[in-house]
Amino acid sequence: MHLLLKLFFFFYHWFLVILTSLLRPFMRIITLFKKEKKNGIESILIYACFYPGNAGYHYRAEKWAELWRANGIRVKILYTSDHQKVTKLTSGPDLILYHINNMSVRLIQVLRSLLYDQVIVRRSLLRHYDYGRLYMEKLLLSIHPGAILDFDDDLTNNLSRIPKTSVFGKLMQEDRFIFYRSLKLYKRFIPGSEYLAILLKNINPRVDIHDYCIVPTSVDYFKRGLKKYPKKQDVITFGWIGSNSNQVQLNKLIAPLNELSKKKKMELLVISGQEFQHEKAKFPIRNETWSLQSEITSLLQIDIGLMPLDNDKMSRAKCGFKLIQYMGLGIISIASAVTTNNRIIKNEEDGFLVTDDDKWYERLVEVCNRYNEFTEISERARQKILKEYSFGAHLDTYSRFIGIQTKIS
């Protein structure tokens, strides 16, 4: 059965590659008859790579759509599968069915872009898919040459563990560098950090400052919660929020936290999609399942937010969203001094940086000993996020970049 599915997948894939190639010239002709809006765009189509309830969907698509709709812009967000279907189909032989569903739904959604003035693609059109040399993107760009690619990660890193291309992979044009090809294909971009903007310009030297707009992943916590620090805290709650795959970063903190637990009462709260446990941990580890609805309530239990990172290619592309979340709620933060983290935190003023993995214990002790300063540091952190990493801080710039000419508020 699996072999038959794979065979069907092969022929269906190439059918769509050929079909989209034939459609492209007709789409270019059709778009010539579209009237250009003189007073800026009136409608936006966002292709989300994730589904509702996902953090990326919420913070980089849904929240912006709400703000633009409030200003009279028609906005539609399209995704290919909901959470239930993704969970069901992205394992074993069913993964092929997921790809087939993904391709079919996206083809119809790409053709729907004819009804919109502006298009934003979140990360990639086909999630979990590195076959076909961007044939779907090429069709979209024949309809919207100015379509914008929004990315908050170096997606090539996500494919770094793919084994050497198989015969089937070669027949399907498998390519782990397909994200870099997309950076050369699109003409306009929304990178999530300065680091990613530099990566973009290195990959595509034709890009100049007018072709991209840096928009960090932003928050709007300011009316919804604020961390309060009592004069005395009997138990310090260290906390971490993140995806299942990134829990491995916590391993580097086990030894320093073990050492600290000999001197202070403490616990580690992990907010994620699956439980984190470590056999060598000598302190309590408490797990809470992440959801969009409970996110703020969970975060406000944290006294000190942690963001350990390796200083490698994958980590350097991170946009520091954990810090933005912690600091946006006034939570004291400690992070590895890697790329974007250095821009978000002003060391020892609104947060704390660790320059070397061997220095984590010393930094943890230092921060705990400055507990009487937490309220002041908390307020400075919150103000930093309000001014530089909130939706309001980027709304005007982002809106003008995508072609909204009316005053945005």
Flag the pair Arg69 and Glu66 as a salt bridge only when some basic side-chain nitrogen lies within less than 4.0 angstrom of an acidic carboxylate oxygen. no

Chi angles and distances behind the side chain to side chain contact (heavy atoms under 4.5 Å, CB included) call for Ile120, Tyr47: CA-CA 6 Å; Ile120 300 171; Tyr47 292 107; over 6 Å; no

Would you please test Lys322 and Tyr326 for side chain to side chain contact (heavy atoms under 4.5 Å, CB included) and show each step? CA-CA 6 Å; Lys322 287 180 182 61; Tyr326 300 149; 4.1 Å; yes

Check the surroundings of atom CG in Leu22: do more than 12 heavy atoms from other residues, nucleotides or ligands lie under 6.0 Å from it? yes

Any donor-acceptor N/O pair, Arg363 side chain to Val354 backbone, under 3.5 Å: no

Distance-only, no hydrogens or angles: does the Ser113 side chain make a donor-acceptor pair with backbone N or O of Val110 under 3.5 Å? yes

With rounding to the nearest 0.5 Å, note down the distance linking CG in Asn246 to CG in Leu309. 8.0 Å

Heavy-atom closest pair, residues Ala65 and Val75: CB-CG1, 3.6 Å

Which heavy atom of Asn342 sits nearest to which heavy atom of Ala337, and what is that distance? OD1-CB, 3.3 Å

Side-chain donor-acceptor pair under 3.5 Å between Tyr180 and Asn204, yes or no? no

Phe283-Phe238 aromatic ring centre distance below 6.0 Å: no

Could you tell me if the ring centre of Tyr212 sits under 6.0 Å from that of Phe401? no

What I want to find out is whether Glu379 reaches Arg382 closely enough, with some N-O distance under 4.0 Å, to be called a salt bridge. no

For Cys213 versus Pro191, what's the shortest heavy-atom pair and its separation? O-CD, 3.4 Å

Atom CD1 of Ile30 and atom CZ of Arg28: how far apart are they, to the nearest 0.5 Å? 12.0 Å

Enclosure of Gln84 CD (heavy-atom neighbours >12, cutoff 6.0 Å): no

Salt bridge check: are Glu388 and Arg343 linked by an N-O gap of less than 4.0 Å? no

Between the main-chain N or O of Ile344 and the side-chain N or O of Lys384, is there a donor-acceptor pair closer than 3.5 Å? yes

On a heavy-atom basis, the closest approach of Pro256 and Leu364 is CB-CD1, 4.0 Å

What I want to find out is whether Arg74 reaches Asp117 closely enough, with some N-O distance under 4.0 Å, to be called a salt bridge. no

When the ring centroid of Tyr371 is compared with that of Phe374, is the distance short of 6.0 Å? yes

Quick check: closest heavy atoms across Thr339 and Ser315, and the distance to 0.1 Å? OG1-O, 4.2 Å

In Å, rounded to the nearest 0.5 Å, how long is the span from CD1 of Ile46 to CD1 of Ile402? 7.5 Å

Under the 3.5 angstrom rule, does the side chain of His13 hit a backbone N or O of Met103 as a donor-acceptor pair? no

Checking Lys138 side chain against Arg133 main chain: does a donor-acceptor pair fall under 3.5 Å? yes

Where do Glu348 and Arg370 land on the salt bridge (charged side-chain N to carboxylate O under 4.0 Å, His left out) test, with the steps shown first? CA-CA 10 Å; Glu348 301 194 11; Arg370 292 178 64 172; 3.6 Å; yes

Taking 4.0 angstrom as the limit, do Asp150 and Arg60 come out as a salt bridge? yes

Say whether Arg380 and Gln383, considering side chains only, have a donor N or O and an acceptor N or O under 3.5 Å apart. no

Provide the closest heavy-atom pair for Ala55 versus Trp290 in the form atom of the first, atom of the second, distance. N-CH2, 3.6 Å

Test your reading of the model: is there a side-chain donor-acceptor pair from Asn369 to the backbone of Val365, 3.5 Å cut-off? yes

Relative to Phe168, does Lys6 satisfy both conditions: NZ or CZ under 6.0 angstrom from the six-membered ring centre, and within 45 degrees of the ring's axis? yes

Side-chain donor/acceptor of Ser193 to backbone N/O of Leu196, under 3.5 Å: yes

May I ask you to decide if Leu126's main-chain N or O and Asn102's side chain share a donor-acceptor pair within less than 3.5 Å? no

CG (Leu395) and CG (Leu67) are apart, to the nearest 0.5 Å, by 5.5 Å

Measure the spacing between CG of Asn372 and NZ of Lys232 and express it to the nearest 0.5 Å. 14.0 Å

Verdict with reasoning, Ser298 to Glu288, per side-chain hydrogen bond (donor to acceptor under 3.5 Å, both in side chains): CA-CA 7 Å; Ser298 297; Glu288 291 208 359; 2.8 Å; yes

Please tell me whether Ser291 and Ser294 have a donor and an acceptor in their side chains that are separated by less than 3.5 angstrom. yes

Under 3.5 Å: donor-acceptor pair, side chain of Trp14, backbone of Met172: no

Run the salt-bridge test on Lys187 and Asp211 with the 4.0 Å N-O cut-off and return the result as yes or no. no

Sidechain N-carboxylate O distance under 4.0 Å for Glu267, Arg286: yes

Polar side chain donor-acceptor pair, Thr217 to Tyr389, under 3.5 angstrom: no

Determine whether the side chains of Ser399 and Trp68 contain a donor N or O and an acceptor N or O closer than 3.5 Å. yes

Can a side-chain donor-acceptor contact be found between Glu194 and Thr340 if the only test is distance below 3.5 angstrom? no

For Tyr57 and Cys49: C-alpha separation, side-chain torsions, deciding distance, then whether side chain to side chain contact (heavy atoms under 4.5 Å, CB included) applies. CA-CA 8 Å; Tyr57 179 99; Cys49 57; over 6 Å; no

Please lay out, stage by stage, how Ile100 and Phe8 fare under the test side chain to side chain contact (heavy atoms under 4.5 Å, CB included). CA-CA 9 Å; Ile100 293 169; Phe8 176 76; 3.6 Å; yes

With a 4.0 Å cut-off on N to O distance, would you call Glu174 and Lys170 a salt bridge? no

Report yes or no: do Ser390 and Asp220 form a side-chain donor-acceptor pair below 3.5 Å? no

Mind checking what makes ring pair (Phe, Tyr, Trp, His ring centres under 6.0 Å) contact with Phe15, not counting sequence neighbours? none

Tell me whether Tyr398 contacts the main-chain N or O of Val215 through its side chain, where contact means a donor paired with an acceptor under 3.5 Å. no

Can you list every pair that meets salt bridge (Lys or Arg N to Asp or Glu O under 4.0 Å) and has a residue in residues 293-319, with sequence neighbours left out? Lys227-Asp303, Lys252-Asp310

